[in-house]
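Here's the structure, in structure tokens; my notes come after.
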Amino acid sequence: MDLIKKLEDLSKRFEEVSKLIADPNLVKDQAKYKDTMRENQYLSDLMDLYAQYKKILNGIEEDTRLITEEDDHDMKELAREELKEYEEQKPKLEEQIKFKLIPPDPLDEKNIILEIRSAAGGDEASLFVRDLWEMYTHLAERKGWKTESMEVQETEVGGFNKIVTSISGKFVYGTLRWESGVHRVQRVPATESQGRLQTSTATVAVLPEADETEIVIKPEDVRVDVMRAGGPGGQCVNTTDSAVRLTHIPTGIVVIQQDEKSQHKNKAKAFQVLRARLFDLEESKKQAERSKTRQSMVGSGARSEKIRTYNFPQDRITDHRINMSVHNLPSFMMGNMDNLLDALNVYAKEEQFKDISDLAQ
């Protein structure tokens with residue numbers, strides 16, 4: 001496929017979208033309005049790159065003409081210098097354009113449900129779950145995202161067997177979508193008197209949130225059970241039937257919510273989590289790049305099924321998917337993880353880019 005032809009086609013589409021935006025009736029359909037505005041921004045950025053690319057192509061053509069036709073020696077030398085610059089810029093800009101030709105995923109703008117569970121390692125794994133949760137909440141705070149606790153299962157040592165948090169803000173899923181998987185920690189536990197290194201794991205699942213228009217849950221498909229909440233939470237929580245368990249009959253997905261004192265609030269949060277899980281299930285069926293189910297996304301929690309290792313003695317974090325290591329682990333655990341998150345997103349783009357690698361050939 002010819003790069004210029006592709007850009008020309010998108011230029012025509014940009015004109016069409018510009019006309020759609022000018023239509024006052026567009027705002028009446030909020031979903032369509034949002035999609036159109038997103039497409040307009042994407043195409044506008046692409047057209048800016050296209051304008052730069054045309055300028056370089058025209059410059060190369062003009063300088064080549066001057067070199068072959070111009071009699072003035074100084075003019076020829078200037079043309080040769082400029083041509084060299086254009087020829088250096090051209091492949092770089094082509095790469096930039098080809099990456100930009102991968103359209104943004106609408107899911108990237110979504111809020112998320114973040115689930116972190118302890119896996120192998122007992123108490124130390126539960127403490128690692130807390131560390132991971134704090135890492136993501138620090139990142140959220142720095143980016144101005146809002147976090148809300150959905151479900152917490154604390155352990156006696158101060159860790160979490162499981163913690164579920166909703167995170168809302170700008171480009172949340174797009175930033176954290178590649179965090180799903182098994183995270184492994186290697187360190188000496190505080191309770192270890194012999195100084196022996198222990199390896200523990202936790203599983204992370206990042207689920208894009210879905211609203212009621214995207215996932216319609218039929219009442220007859222859900223069994224709702226109410227019960228008395230268990231575990232810590234105070235006298236009111238443990239003496240009233242405030243806990244809610246939803247069982248989605250067609251898929252077998254079960255959601256239990258008991259953190260709120262109000263049964264109504266617990267039910268609303270449970271449906272929020274259920275919608276996110278069902279949405280993730282639907283997306284996994286539709287998209288090859290998201291073809292893994294939630295179960296395979298987080299794996300079984302075995303130590304060997306890891307996407308990242310946090311090695312405290314060596315002050316090193318290694319992401320095994322992209323074979324990248326970064327240091328200053330204390331800073332990383334405070335949410336300063338942008339370099340690695342950016343590298344993961346670039347890697348994902350490169351994988352998608354392979355599908356259009358024949359452009360500009």
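Quick note: numbers below take in every heavy atom, side chains included, and nothing from hydrogens, waters or symmetry partners.
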Please test K98 against E94 for salt bridge (charged side-chain N to carboxylate O under 4.0 Å, His left out), starting from the C-alpha separation and ending with a verdict.
CA-CA 6 Å; K98 285 186 282 185; E94 284 175 344; 5.6 Å; no
Under 3.5 Å donor-acceptor, Y42 side chain and L101 backbone
yes
Is there a path of hydrophobic side-chain contacts, each under 4.5 Å between heavy atoms of I, L, V, M, F, W or Y residues, that connects L344 with F171?
no
So if I apply the side chain to side chain donor-acceptor pair (under 3.5 Å) rule between S325 and each of T318, N311, T309, which one comes out positive?
T318
Hey, does the side chain of H327 reach the backbone of D315 with a donor-acceptor pair shorter than 3.5 angstrom?
yes
Evaluate the criterion salt bridge (charged side-chain N to carboxylate O under 4.0 Å, His left out) for residue pair D35 and R38; output intermediate values, then yes/no.
CA-CA 5 Å; D35 289 343; R38 184 187 296 115; 3.0 Å; yes
Just by modelled atom types, is the V206 backbone N or O under 3.5 Å from a matching donor or acceptor in the S180 side chain?
yes
R187 with E124: basic N within carboxylate O range, under 4.0 Å:
yes
Would you confirm whether T64, through its side chain, and I60, through its main-chain N or O, come within 3.5 Å as a donor-acceptor pair?
yes
Search all heavy atoms of L197 against all heavy atoms of Q186 and return the closest pair with its distance.
CD1-C, 3.9 Å
Rounded distance (nearest 0.5 Å) linking atom CD1 of I307 with atom CH2 of W178:
11.0 Å
Apply the test salt bridge (charged side-chain N to carboxylate O under 4.0 Å, His left out) to residues K32 and D23: give CA-CA distance (whole Å), side-chain angles for both, the deciding distance (0.1 Å), then the verdict.
CA-CA 12 Å; K32 187 176 180 181; D23 185 353; over 6 Å; no
No-hydrogen, no-angle side-chain donor-acceptor test under 3.5 Å, E8 and Y50:
yes
For R245, give me all partners under side-chain hydrogen bond (donor to acceptor under 3.5 Å, both in side chains), at least two apart in sequence or on another chain.
D225
Are E109 and K34 close enough for a salt bridge, meaning some N to O gap below 4.0 Å?
no
Taking atom types as modelled, is there a side-chain donor on N161 or S118 under 3.5 Å from an acceptor on the other?
yes
Checking D280 side chain against A276 main chain: does a donor-acceptor pair fall under 3.5 Å?
no
Would you tell me whether D45 and Q41 have side-chain atoms, one donor and one acceptor, within less than 3.5 Å of each other?
yes
What's the separation between atom CG in L20 and atom OG1 in T36, rounded to the nearest 0.5 Å?
5.5 Å
Within 45 degrees of the axis of the six-membered ring of F271 and under 6.0 Å from its centre: does K267 put its NZ or CZ there?
no
Kindly indicate, with the supporting measurements, whether the criterion salt bridge (charged side-chain N to carboxylate O under 4.0 Å, His left out) is fulfilled by D9 and R13.
CA-CA 6 Å; D9 290 343; R13 176 58 186 166; over 6 Å; no
Tell me whether K162 contacts the main-chain N or O of E115 through its side chain, where contact means a donor paired with an acceptor under 3.5 Å.
no
Under a 3.5 Å distance rule, please check whether N111 uses its side chain to pair with a backbone N or O of G169 as donor and acceptor.
yes
